[in-house]
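Order of listing sets the numbers, starting from 1, for every ligand and every atom in it.
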Amino acid sequence: MRINWSCCHLVSTQDLLQIVGVRRFHTSTRQLTNSALPRHQEVSREDRSNTDEWTNITSTIERLTHRKLLGNPAHPLSILTDIIFSKFPEQEYTRANFPNPRVSVYENFESLNITSDHVSRSKTDTYYLNKDRVLRTHTSAHQVESFRDHPTPGFLIAADVYRRDEIDKTHYPAFHQMEGGRWWSPRGTSSVKELVAKINEDTAKIPVSETKIIDDTLSFHDGNPKQDGQHPEVCIAVANHLKRTLEMVVGNIFENIVVGDPSAPKEPLQIRWIDATFPFTSPSWEMEVYWQGGWLELFGCGVTQQRVFDRAGYPERVGWAFGLGLERLAMVLFGIPDIRLFWSEDPRFVEQFTPGVVSSFKPFSKYPGTYRDFAFWLKEGTIPEAFHDNDLMDIVREAAADLVESVKLIDKFTHPNTKRNSLCYRVLFQSMERTLQNDEINVLQDSIRDSLTIKFGVELR
Ligand code: DAH
C-alpha cells in the first residue's frame with residue numbers, strides 16, 4: 001500500500017478540540033446480571049413495525065444507516081481505517097465487521113456496565129428504534145461478542161455510530177469509530193509472575209515510538225483504581241501494553257505528516273496521557289496529541305472491566321480496550337474542514353481520493369449561506385429546559401438534511417407579565433455543492449415552522 005503523506009490543514013485546532021469523538025462516561029456501581037448476548041441481526045421488519053414511546057429515529061437518520069461509507073475503499077474514512085489497521089499485526093488482531101448499526105440496549109449499554117440512569121441512555125442523546133433496540137452510540141457495543149468470538153487475542157472494529165447531537169462543522173448525528181481490544185489468559189501459566197512475564201514479552205515486541213510522551217498518570221491510584229481482585233502487577237503490565245500500542249500507532253501516523261511547509265523543520269510530536277473514567281474500564285485514560293497549538297483528544301481506553309470478560313464467557317481473562325473517533329483524525333490528516341463533507345455524494349469530493357493515499361482535500365468553492373431565525377413561545381407552563389436543543393436539530397435535519405451548516409440558540413427569555421418562555425434559534429442554510437435559492441429556503445423554513453408547531457405545540461412569533 002502506498003501512502004502519500006502530503007496534506008494541508010484547513011481545520012482549526014479549536015474546531016477539532018470540540019469535534020465528536022470519545023464521550024466521557026461516569027463510573028457506576030450497580031451490578032448487572034449476566035444475561036445471554038443476543039446474536040447480531042440484520043435490519044428486521046420487526047424493528048420497523050415495533051415502535052413504542054421510545055422510538056425517536058427519524059427517516060433522515062434511517063437513510064444514513066444505509067450509506068455504508070466504509071464500504072468504499074477510496075473514502076477518506078476507509079483510507080484512514082486501513083492505515084490504522086495496518087499498524088496492528090494481522091495474526092494477533094482479527095478485523096471484525098459489523099455492518100448493521102442496530103443493536104440491543106443490552107449490547108450498547110448494559111453489557112458495558114452503563115446503568116439505566118446514565119445520561120447517555122436518555123432519549124435526547126440516543127436514537128431508539130424502540131425501548132429494547134438502539135442505533136449503536138459507540139463501537140464498544142461489540143466488545144463482549146468480540147472478546148467472545150475471535151480466534152486471535154486481539155480484535156479491531158471500524159463502524160458507523162449515531163448520537164443525537166447539535167449541528168455545526170464538527171458535529172454530525174452519524175460518525176465513525178474504531179474499537180480495539182487485546183486479552184491474555186492465565187491458562188498455561190502457573191503463576192502471576194509468569195502471566196506478567198508473558199504480557200511484558202508481548203509489550204517488548206511493539207516497535208518503540210520516537211515521539212515525546214508526557215505521562216504523569218500513575219498505573220493506578222485511588223481516583224483511577226485497579227479492579228478489586230486484580231493483581232497490581234497484572235494491571236500494570238496490561239496498562240503498559242495498552243499505552244505502548246497506542247503510542248506506536250499515533251506516533252507512526254503523526255510523525256509521517258508533513259505539516260505546512262515540508263522544508264521547514266518539523267516540530268516534535270507530543271503525546272500525553274490523562275486519567276479518565278469509563279464504566280467498562282478501570283483504570284482508564286485518554287490519549288491526547290499536541291496539534292497546531294492545542295491538545296486534541298484521540299483515544300479513550302483502559303483496562304477492561306472483569307465483568308465484560310465474564311459476560312463474554314471468559315472470566316479468567318485480563319486485557320484492554322480502546323475507542324477512537326475517526327472523523328476527527330481524518331479531518332486533520334486530509335485537511336477536511338467540515339464534517340458534512342464525509343457524507344457528500346458530489347463527485348468533486350468523492351472522486352478526489354485514492355485508496356491507500358492520504359492526500360490534501362482540494363476545497364471546492366464555498367457557496368454563500370443564508371440565516372433564518374426561528375423564534376417561538378413554548379406552551380404555557382413549559383420551562384425552556386423541557387425543550388431540548390436536539391429536538392430542534394432533528395426537525396431541522398428532517399426538513400433540510402445537509403443544507404444546514406449550523407443551528408444556534410441565540411435568545412431565551414421569560415415574559416415578565418405572562419411568565420411564558422420564548423426561545424430563538426438561528427439556522428444557517430448553506431450547501432457544500434451549490435448556491436441555495438431564496439424560494440427553496442422559504443420552503444425549508446415553512447416545513448421547520450410547521451413541524452415545530454405540530455410536534456411541540458409551540459406558538460411561532
Ligand atoms: N466507547 C467510548 C466512547 O465512545 C470510548 C472508549 C473508551 C472505548 C474506553 C473503549 C474504552 O473501548 O476502553 O466514548
Side-chain angles (χ1 to χ4, degrees), residues 18-28 84 88 93-94 96 98 101 103 105 107-115 118-121 125-127 134-148 150 153-165 171-183 217 220 224-227 230 235 238-239 241-243 245-246 249-250 273-288 296-309 311-312 317-329:
Q18 292 169 22
I19 196 173
V20 284
V22 183
R23 176 193 289 180
R24 218 159 291 201
F25 291 93
H26 306 287
T27 356
S28 89
I84 304 178
F88 290 84
Y93 293 86
T94 300
F98 292 98
V103 299
V105 165
E107 289 167 290
N108 200 79
F109 298 122
E110 287 160 15
S111 75
L112 297 159
N113 309 330
I114 302 169
T115 49
H118 193 277
V119 56
S120 67
R121 287 179 66 156
D125 282 37
T126 295
Y127 287 108
V134 295
L135 292 184
R136 66 184 157 220
T137 63
H138 54 173
T139 40
S140 306
H142 303 293
Q143 260 193 32
V144 169
E145 57 194 310
S146 299
F147 277 125
R148 181 189 63 195
H150 300 311
F155 66 85
L156 294 169
I157 301 165
D160 46 329
V161 299
Y162 299 81
R163 288 180 197 173
R164 296 188 76 199
D165 217 333
H171 291 86
Y172 202 79
F175 57 103
H176 295 76
Q177 283 189 332
M178 182 179 294
E179 190 87 5
R182 177 76 165 84
W183 57 263
T217 64
F220 54 85
N224 197 14
K226 79 166 186 64
Q227 295 163 45
Q230 189 161 75
C235 177
V238 171
H241 189 279
L242 163 65
K243 286 182 170 176
T245 302
L246 298 184
V249 171
V250 171
W273 287 103
I274 53 173
D275 282 335
T277 311
F278 300 102
F280 34 100
T281 48
S282 192
S284 315
W285 300 277
E286 277 164 6
M287 178 202 259
E288 298 185 331
L296 185 69
E297 181 192 320
L298 286 185
F299 290 97
C301 61
V303 177
T304 301
Q305 282 279 2
Q306 225 45 58
R307 273 179 287 156
V308 173
F309 286 118
R311 292 183 188 110
R317 285 183 181 173
V318 291
W320 54 247
F322 72 77
L324 154 85
L326 286 168
E327 270 79 354
R328 176 199 309 241
L329 199 47

Item checked: Heteroatom distance test (T137, ligand 1): nitrogen or oxygen, under 3.5 angstrom -> no
Item checked: Close aromatic pair by centroid cut-off 6.0 Å: Y93 and F155 -> no
Checklist line | Side-chain donor-acceptor contact under 3.5 Å, T137 with N108 | finding: yes
Check: Which ligand 1 atoms does S140 reach within 4.0 Å, using its non-hydrogen atoms?
Finding: 1 (N), 8 (C), 10 (C), 12 (O)
Check: Going by the atom numbers of ligand 1, which of them fall below 4.0 Å from some non-hydrogen atom of T281?
Finding: 13 (O)
Check: Can you tell me how far CZ of F299 sits from CH2 of W273, rounded to the nearest 0.5 angstrom?
Finding: 7.5 Å
Notebook entry, point to check: Regarding E179 and S140, is there a side-chain donor-to-acceptor distance under 3.5 Å anywhere?
Noted result: yes
Notebook entry, point to check: ligand 1 versus A321, non-hydrogen atoms closer than 4.0 Å: side chain, backbone, both, neither?
Noted result: both
Check: Is the closest N or O pair between F280 and ligand 1 shorter than 3.5 Å?
Finding: no
Notebook entry, point to check: Do ligand 1 and C301 have nitrogen or oxygen atoms that lie under 3.5 Å from each other?
Noted result: no
Item checked: ligand 1 versus R163: contacting region, heavy-atom distance under 4.0 Å -> side chain
Check: Is R311 salt-bridged to E145, cutoff N-O under 4.0 Å?
Finding: no
Margin query: Would R317 pass as a cation-pi partner of W183, given that its NZ or CZ must be under 6.0 Å from the six-membered ring centre and within 45 degrees of the axis?
Written below: yes
Item checked: For Q143, atoms of ligand 1 separated by under 4.0 Å from a heavy atom -> 10 (C), 12 (O)
Check: So, R136 and H142: side-chain donor and acceptor under 3.5 Å apart, yes or no?
Finding: yes
Next item on the list: Pick whichever of A141, G300, G180 has a heavy atom sitting closest to atom 7 (C) of ligand 1.
Entry: G300
Margin query: Need the ligand 1 atom indices (1-based, order shown) with element for anything under 4.0 Å from a heavy-atom of F278.
Written below: 7 (C), 9 (C)
